[in-house]
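Take a look at the structure below.
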Amino acid sequence: MSTSDSSVNVAANFLRPILEADLQSGKHSRIVTRFPPEPNGYLHIGHAKSICLNFGLAKELGGVCHLRFDDTNPAKEEQEYIDAIKADVNWLGFQWHGEVRYASDYFEQLYAWAVYLVEQGKAYVCDLSPEQARQYRGSLTEPGKNSPFRERSVSENLDLLTRMRAGEFPDGSRALRAKIDMASPNMNLRDPILYRIRHAHHHQTGDKWCIYPSYDFTHGQSDAIEKITHSICTLEFEDHRPLYEWFLEQLPVPAKPRQYEFARLNLNYTVTSKRKLKQLVDENYVSGWDDPRMSTISGFRRRGYTAASIRNFCDMIGVSRAGGVVDLSMLEFCIREDLDNNASRAMCVLKPIKVVITNYPAEHTLTLQLPRHPKRDMGMRELPFEREIYIDASDYEENPPKGYKRLVPGGEVRLRGSYVIRADEAIRDADGNVIELRCSYDPDTLGKNPEGRKVKGVIHWVPAAQSVECEVRLYDRLFSTPNPDKGDDGEASESFLQNVNPESLVVLKGCRAEPSLLQAQVGDSFQFEREGYFCLDSVDSKPEALVFNRTVTLRDSWGQA
Ligand code: ATP
Ligand code: MG
């Protein structure tokens, strides 16, 4: 079965058969997955892979998926991120089961379980400073050493933990640790921290807590509380799995979820790290998290990428345990494929020069009916043809290169959906630049070829008086090197910021759009003929001052550069 929205190839997903087998065997009667973002930034294309996987598999197999904010770090988290994440998941086409959940909803239960571990002699309060604790921890090649506080009595530990919670101690002065094995080859099992002291305000729990549970002490138990059947995460958590299971073994949890890991998505020319994306925002390399050059879901949406094409992309890359770097052109392929099928055609002249059709009557307007799509029935649009029109400056050449099929002095070209015109004369300004063309049209050529002459070129145009002035923003890849951490020469750069593409945004003002584009709505996609795919900018476009974003070019031009 496929959830694909179109004809793209759906690659293998090694988790699907595992979940299917668990349903078949009766181990689980219903699949419950979760998507657990930390609200410390906006979601990016890597998260889209995890969303499509968790929500997609649950949907496909008749199960449900939870949205749970993994909000254990009050310092870096904000309500703005929570709102953006919810909007992005919905926009991608998924709905979580029940209310949005927060790990912080479980703080009281987690604390009770911490007390339980202390009572069982499986956790202790440690007074080593963070620096000392690091030294005691050992390394990958050396075992750690037991903390001198490891053998504290249960009653002393309970007393200290209660006072930690009551706010008696300063940040970093103590921590609650599990008592596992300081010699374990797996560093995660060397008496990991369960609670840290942090006198910080939390966006959900306010000032109720001054101790916060660690990621490891929170994640698996939250899965258990929600009776998640398959806890799917990325491979960097593989080494945490023994600890995940240790907690589920030691604690009286209501369910024992299983953790599975898959390879994260890496995309060339792109960063997929919230920390780096935040740096781009904070240091003003982009206009915000939703800048159309950002690899965030909200940036892609503003750029005009569609949810269906992102889902198709995620289907196409598949899910495995083998890492690798996916080519950005694959994502762009999915965007083009979707937009080619679904975007209305329109004309917009990006670098206009005026053309006066000298043999066309001044007061006359012919209203042409042009299809919105060449292959599908999407209705018609009206386009007025007048004596004065605009064409693109690059569609007229006095010294044409070989094979040039557009307008040349004395030559003919077809105006898309309209007549054939001939260039008779060029008007120049004082510096010799062409500022206007005088042309004549052949009245016998509307919708048909002129008798005995072959006109090869077709160019786009708009009427002069009845077109709409607009701004067009041409976006390109944000990084000019495939691995943004490395320069052109493949050597590591000091910072990924050095490889930001200086031409990733080109703003064109004074462009002219056909009048039907006055009806454009945020969320509509257009193919501006011969120019690419475009959409209205959801932030800056106003009815009296339209701004269009280029979503993607018509063809992949990066490979040919
Ligand atoms: P970042 O490194 O950007 O901060 P993260 O993994 O810390 O990402 P979380 O908010 O913790 O971000 O992620 C929520 C979920 O999304 C996790 O299950 C995580 O494994 C998954 N995820 C994050 N990045 C990727 C990626 N590049 N590919 C696939 N899944 C990802
Ligand atoms: Mg994280």
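Because the structure is a prediction, the values reported are computed rather than measured. Indexing begins at 1, ligand by ligand and atom by atom, following the structure's order.
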Practice task
Sorted by first residue and then second, give each salt bridge (charged side-chain N to carboxylate O under 4.0 Å, His left out) pair with at least one member in residues 184-204; sequence neighbours left out.
Solution key: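 Found R150-D191.
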
Practice task
Please list all pairs passing the salt bridge (charged side-chain N to carboxylate O under 4.0 Å, His left out) test where one or both residues lie in residues 72-93, with sequence neighbours left out.
Solution key: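 Only D88-R301 qualify under salt bridge (charged side-chain N to carboxylate O under 4.0 Å, His left out).
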
Atoms of ligand 1 less than 4.0 Å from [X] heavy atoms?
{"X": "S273", "result": "3 (O)"}
{"X": "F262", "result": "29 (C), 30 (N)"}
{"X": "T234", "result": "19 (C), 20 (O), 29 (C), 30 (N), 31 (C)"}

Handout entry: C233 N/O to ligand 1 N/O under 3.5 Å
Key = no

Problem - Contact check: P36 vs ligand 1, nitrogen or oxygen atoms, below 3.5 angstrom - result: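 No, no N or O pair falls under 3.5 Å.
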
Problem - Pick from R34, K274, E236, K76: the one approaching atom 7 (O) of ligand 1 most closely through a non-hydrogen atom - result: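 It is K274 that holds the nearest heavy atom.
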
Problem - The one among K276, H47, K49, E38 that brings a heavy atom closest to atom 8 (O) of ligand 1 - result: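 Selected option, by shortest heavy-atom distance: H47.
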
[X] bridged to [Y] by N-O distance under 4.0 Å:
{"X": "E261", "Y": "R241", "result": "yes"}
{"X": "E503", "Y": "R477", "result": "no"}
{"X": "K278", "Y": "D282", "result": "yes"}

Problem - Ring-face cation contact, F169 with R174, 6.0 Å cut, 45° max - result: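 Yes, cation above the ring, under 6.0 Å and within 45°.
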
Exercise for the section: Report yes or no: does a heavy atom of H44 sit under 4.0 Å from some atom of ligand 1? Expected result: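 Right, H44 reaches ligand 1.
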
